[in-house]
Structures are given as structure tokens and as C-alpha cells.
Amino acid sequence: MKTDVVIIGGGPSGLLLSQLLNKAGIGTVVLERRTRKYVLSRIRAGVLEGGTVDLLERAGCGDRMHREGDPHEGCYLSTERGMFRVDFRDLCGRQVMVYGQTEATEDLYAAQDEMGATVIHEAMEVMPHDLDGDPYVTYEKDGETHRIDCDFVAGCDGYHGVSRSVIPKGKKEEIERVYPFGWLGILSRTRPAADELIYANHPRGFALASMRNANLSRYYIQVPSDDDPEAWSDEAFWAELKRRLPGEVAETMETGPSIEKSVAPLRSYVCTRMRHGALFLAGDAAHIVPPTGAKGLNLAMSDIHYLSEGLIAHYKDNDGAGLDAYSDRALRRVWRAIRFSWWMTSILHRYPEQDDFDQRMQEMELENLRDLDAARRAMALNYVGLPL
Ligand code: APR
Ligand code: PHB
């Protein structure tokens with residue numbers, strides 16, 4: 001087989017890239033290790049920046065998002081001194097869209113089907129080769145080995161993928177921060193606790209009240225990263241969540257059986273080179289942020305924006321500048337999101353080693369946000385998404 005670009009990974013990054021390239025008449029093959037059903041059963045983030053919304057529209061899969069998604073013009077921050085609102089629209093004239101990543105991924109698959117794009121599921125042992133010469137990718141399916149010759153390989157295979165590992169150790173630097181806690185998250189068919197997301201700083205630890213739609217809520221609480229989700233009964237979860245949310249919210253919120261429950265560790269990670277010869281990394285394959293800033297999916301989408309532009313300019317105008325600049329351009333935005341997510345994490349969580357000084361500084365960060373428009377504006381600008 002031969003194509004222009006082999007895309008490893010059929011998550012949101014790989015699918016959006018395939019969609020944008022196919023629309024521009026560039027050939028792609030997506031190789032995904034899992035079944036489509038499995039990919040679409042993963043519960044992931046739910047807040048889309050304006051730029052992500054624009055990109056999905058441009059890719060031709062914005063209709064259902066606009067019908068079913070819920071634009072949010074602000075969010076709440078809850079502290080020991082009470083709750084206040086950060087009004088994105090007032091502060092920076094923009095907003096975000098609450099629409100599950102799972103839904104966006106489903107829309108991308110539907111758009112790929114409509115376009116007749118090639119997505120190969122259960123492609124095992126995927127391996128890129130000869131990235132400095134004549135690139136090709138091999139994989140196994142149904143017991144047979146296949147080879148696809150190509151011009152470029154896009155590594156969109158997430159944090160545990162194969163792509164990043166083919167960049168030799170001496171050619172990349174990996175910069176990481178592991179946080180000393182995780183998030184226990186549940187999904188439940190209940191009315192959301194509030195009209196907007198509530199991010200709560202509480203002496204017992206962080207809590208987040210989020211949602212997917214009018215009858216589907218997503219909640220998280222800070223827990224030790226090695227906590228077993230099965231050891232948390234639904235009752236214990238709701239009780240702990242209610243302790244950490246403002247009293248008036250806790251009193252009126254609807255609870256019910258969880259339909260998903262899991263613990264996710266929190267980390268920041270950057271691979272400082274997103275290109276190696278003909279291989280380009282994008283999304284979780286190149287970087288991870290803690291979920292506190294709601295940036296993971298959005299950052300993946302902005303990588304794809306830069307990468308698709310570079311590839312389209314290469315094929316349409318024989319202009320390689322965009323591809324040459326890809327890694328630096330993407331990383332500039334990545335580092336800003338890494339900082340924002342680290343900052344949101346640091347002002348909202350209780351750290352095991354937090355001393356009185358750290359505690360006061362955290363309180364002052366939150367007071368700054370409550371009292372200073374300028375502080376809230378800086379938060380709002382980052383939360384709704386910095387320009388591409
Ligand atoms: N071969 C083929 N496919 C692979 C391989 C491999 N060796 N390793 C992983 N994959 C697939 C995974 O099964 C997954 O479907 O690559 C896909 C990667 O998808 P994601 O992990 O969702 O990563 P990405 O597409 O970059 O999405 C951005 O940002 O913060 C996150 O949760 C957010 O998942 C979202 C991500
Ligand atoms: C979610 O709804 O899953 C969600 C929302 C905001 C975050 C993290 C997760 O910051």
C-alpha cells in the first residue's frame with residue numbers, strides 16, 4: 001500500500017488530522033490499535049476552547065456539536081471564603097463549549113466514514129521505519145504483516161504510543177512533573193449541580209463539578225493517586241464530594257448511581273522535540289497536562305492545526321516552511337498550556353507537603369482572582385484558549 005501520510009492512532013488527534021488532510025485532497029491511512037467501539041467507550045474531557053470549536057467546524061463535523069453542545073460563558077471558583085464567578089465573556093469576550101470528547105470523536109469517525117477515509121482498526125505492532133530516507137510503516141492485522149509506504153508519519157498515538165519511542169534518546173529531552181495526587185472521577189445520569197463548572201479548593205482536597213448535558217454529570221475529587229476506585233462506594237464518593245462543594249450546592253444537588261468510576265494520576269510532561277525526520281508527534285503522544293485547566297484535548301487540536309497547515313502547504317505549494325517550524329510553533333503553545341494547567345492545579349489542590357506559607361500563598365492566589373479583574377482576565381484568556 002502507498003499513501004501520503006500514515007497516521008498512527010485513531011483518537012481525536014489522528015482523526016482530525018486525517019479529516020483535514022482528506023478534505024485538502026491529501027491521502028491518509030489511520031492505524032488504530034483498538035476497535036472503534038473501544039475508542040468510543042473511553043470517557044474523557046468535556047470542555048472545548050473556541051479555537052477547537054472552529055477547527056471541528058472547519059473539518060466539517062460541527063453540526064451536532066452546535067446542536068447538542070452547551071456554550072459556557074464562565075465558571076465558578078469555590079474557596080473557604082465563598083464562591084465567585086469568572087465571567088469569560090465579560091473579561092475577554094469569548095466562551096467555551098461543553099461537549100464530550102467522546103462525542104467529538106464519534107462525529108469525527110462519522111465524518112471520516114462519509115468521506116470514505118481509510119481507518120484500520122486493530123492494527124497491531126505498528127512501527128515506523130526509515131524516517132530519514134524513504135519512510136514506511138509496518139503493522140500486523142489478522143496474523144499478516146502489512147507495509148505502507150508514505151511521505152510522512154504522524155504520531156497521534158497518545159502517551160503510551162509507539163511513535164515517541166522511535167526518536168532516539170539523545171535527540172529529545174523529556175521534561176516531567178508528577179503531582180502527588182490523582183482525581184477520582186464519576187459519571188452519573190443526574191442533573192448537573194450548577195449551571196456552570198465549579199472548581200473547588202477545600203481543606204479536604206480539590207473537587208470539580210462538571211457536566212456533559214442536562215442529564216449527565218461528571219464529578220471529580222482529589223484522592224491519593226494509588227487509590228482503588230472500586231474501594232470507593234458511590235455513597236462514599238457523594239458524601240466526600242458534598243463536603244468539598246459549597247453548602248448551598250451540596251444541599252440541592254441530585255445524586256444517583258455512577259455509570260463510570262476511575263482514578264487518573266496527574267502529570268505534566270513535554271517531549272521537547274515534536275519532529276524527527278519524517279515523523280511528527282501531536283497530542284498526548286508529545287505532551288500531557290493535568291486535567292485541571294481542561295487543556296489536554298484542546299492542545300492536541302492546536303497541534304493538529306499547525307501540522308495540517310504545514311502538510312497542506314507542503315503538498316499544495318511545495319512550501320516546507322510550516323513543517324520546518326511545526327515543532328517550535330506547537331511547543332510555544334504547549335508550554336503556555338503546561339504553565340496554565342500547572343498553575344490551576346497548584347492553586348486548587350492540597351499538597352501532602354503544603355506548609356503554612358504554601359497555604360497562605362494559595363489563599364492569596366484565590367483572593368487575587370476574586371478581587372482583581374486583571375487576575376481573572378489572565379485566567380479567562382488562558383481558559384478560553386490562547387489564539388492559535
Ligand atoms: N498503534 C496504534 N494505535 C495506537 C498505538 C499503537 N502503538 N498506541 C496507542 N494507539 C491509539 C490509542 O488506542 C488511542 O486511540 O492512539 C490513540 C491515541 O488517542 P488519545 O490517547 O485520545 O490521544 P490524542 O488523540 O492525542 O487525544 C488528545 O488529549 O488530554 C487528552 O484526554 C485527552 O485523549 C485526549 C487527548
Ligand atoms: C470534565 O468535564 O471531564 C472536565 C472539565 C473540566 C476540567 C477537567 C475535566 O478541567
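Both ligands and their constituent atoms are indexed starting at 1 by order of listing.
Contacts between S210 and ligand 2 below 4.0 angstrom, taking non-hydrogen atoms only, involve the side chain exclusively. Under 4.0 Å from ligand 2, not a single heavy atom of V98 appears. Within the 4.0 Å heavy-atom criterion, neither part of Y219 lies near ligand 2.
Other residues, nucleotides and ligands contribute at most 12 non-hydrogen atoms within 6.0 Å of the CZ atom of R336. R89 CZ: more than 12 foreign heavy atoms inside a 6.0 Å radius. Summarising the local packing, CZ of R243 is surrounded by more than 12 heavy atoms from other residues, nucleotides or ligands at distances under 6.0 Å. Heavy-atom contacts from other residues, nucleotides or ligands closer than 6.0 Å to CG of D134 number 12 or fewer. A 6.0 Å sphere centred on CG of D228 holds more than 12 heavy atoms belonging to other residues, nucleotides or ligands. For D356, the CG atom counts as loosely surrounded, since its 6.0 Å shell holds 12 or fewer non-hydrogen atoms of other residues, nucleotides or ligands. Within a 6.0 Å sphere centred on CZ of R42, heavy atoms belonging to other residues, nucleotides or ligands number more than 12. For E367, the CD atom counts as densely surrounded, since its 6.0 Å shell holds more than 12 non-hydrogen atoms of other residues, nucleotides or ligands.
Listed by number with element, the atoms of ligand 1 under 4.0 Å from a non-hydrogen atom of L297 are 29 (O), 30 (O), 31 (C). For ligand 2, the atoms lying closer than 4.0 Å to a non-hydrogen atom of Y199 are 6 (C), 7 (C), 10 (O). Near G158, the atoms of ligand 1 lying under 4.0 angstrom from a non-hydrogen atom of the residue are 18 (C), 21 (O), 23 (O). The G161 neighbourhood of ligand 1 comprises atoms 8 (N), with distances under 4.0 Å to a heavy atom of that residue. For ligand 1, the atoms sitting less than 4.0 Å from at least one non-hydrogen atom of R34 are 13 (O), numbered in the order shown with element in parentheses. Atom numbering of ligand 1 starts at 1 in the shown order; those under 4.0 Å from a heavy atom of L31 are 2 (C), 3 (N). Using a 4.0 Å cut-off to heavy atoms of R212, the atoms of ligand 2 that qualify are 1 (C), 2 (O), 3 (O). For ligand 2, the atoms sitting less than 4.0 Å from at least one non-hydrogen atom of L197 are 5 (C), 6 (C), numbered in the order shown with element in parentheses. The contact set between ligand 2 and V47, taken as ligand atoms under 4.0 Å from a residue heavy atom, comprises 5 (C), 6 (C). Of all atoms in ligand 1, numbered sequentially from 1 with element shown, those under 4.0 Å from a heavy atom of G283 are 26 (O). Residue-ligand proximity, C156 to ligand 1, at heavy-atom distances under 4.0 Å covers atoms 16 (O), 17 (C), 18 (C). Counting the atoms of ligand 1 from 1 in the order shown, those under 4.0 Å from a heavy atom of V162 are 7 (N).
The shortest side-chain heavy-atom distance between L369 and V86 does not fall under the 4.5 Å cut-off. By the 4.5 Å heavy-atom criterion applied to side chains, T255 and F237 are not counted as neighbours.
Taken from CD1 in I8 to CE in M127, the straight-line distance is 8.5 Å, to the nearest 0.5 Å.
For ligand 2, the polar-atom distance check finds no N/O of A45 at less than 3.5 Å from any of the ligand's N/O atoms. Here's the thing with H160: none of its N/O atoms is less than 3.5 angstrom from an N/O atom of ligand 1. In terms of N/O distances under 3.5 Å, ligand 1 is approached by R33. Taking only nitrogen or oxygen atoms, main chain and side chain alike, Y220 reaches within less than 3.5 Å of ligand 2.
Using a 4.0 Å heavy-atom cutoff, A45 is absent from the residues neighbouring ligand 1. Using a 4.0 Å cutoff on heavy atoms, M124 does not count as a contact of ligand 1.
Evaluated by nearest non-hydrogen atom to atom 27 (O) of ligand 1, the leading choice among G9, G11, P12 is P12. Distances from atom 20 (P) of ligand 1 to the heavy atoms of E32, K295, R44 put R44 nearest.
In terms of protein heavy-atom proximity, atom 28 (C) of ligand 1 is nearest to A300 CB, 3.5 Å. Looking at atom 30 (O) of ligand 1, its nearest protein heavy atom turns out to be G296 CA, 3.2 Å. At the top of the distance list for atom 26 (O) of ligand 1, counting protein heavy atoms only, stands S13 OG, 2.7 Å. Atom 33 (C) of ligand 1 has as its closest protein heavy atom Q101 OE1, 3.1 Å. In terms of protein heavy-atom proximity, atom 9 (C) of ligand 1 is closest to D157 O, 3.0 Å. Nearest protein heavy-atom contact of atom 8 (C) of ligand 2 is P291 O, 3.3 Å. In this structure, the protein non-hydrogen atom closest to atom 36 (C) of ligand 1 is D284 OD1, 3.2 Å.
Ring geometry for F152 against H314 counts as perpendicular: the plane angle is over 60°, on a 0 to 90° scale with 30° as the lower cut.
In plain terms, the two heavy atoms of Y139 and K141 that are nearest each other are CE1-CB, 4.0 Å.
At a cut-off of 3.5 Å, with distance as the only test, no side-chain donor of Q354 or H349 sits close to an acceptor on the other residue. At a cut-off of 3.5 Å, with distance as the only test, a side-chain donor of Q359 or R350 sits close to an acceptor on the other residue.
Cation-pi check for R376 over Y383 is not met; the charged atom does not lie both under 6.0 angstrom from the ring centroid and within 45 degrees of its normal.
Linking Ile, Leu, Val, Met, Phe, Trp and Tyr whenever their side-chain heavy atoms come within less than 4.5 Å puts W232 and M253 in one cluster.
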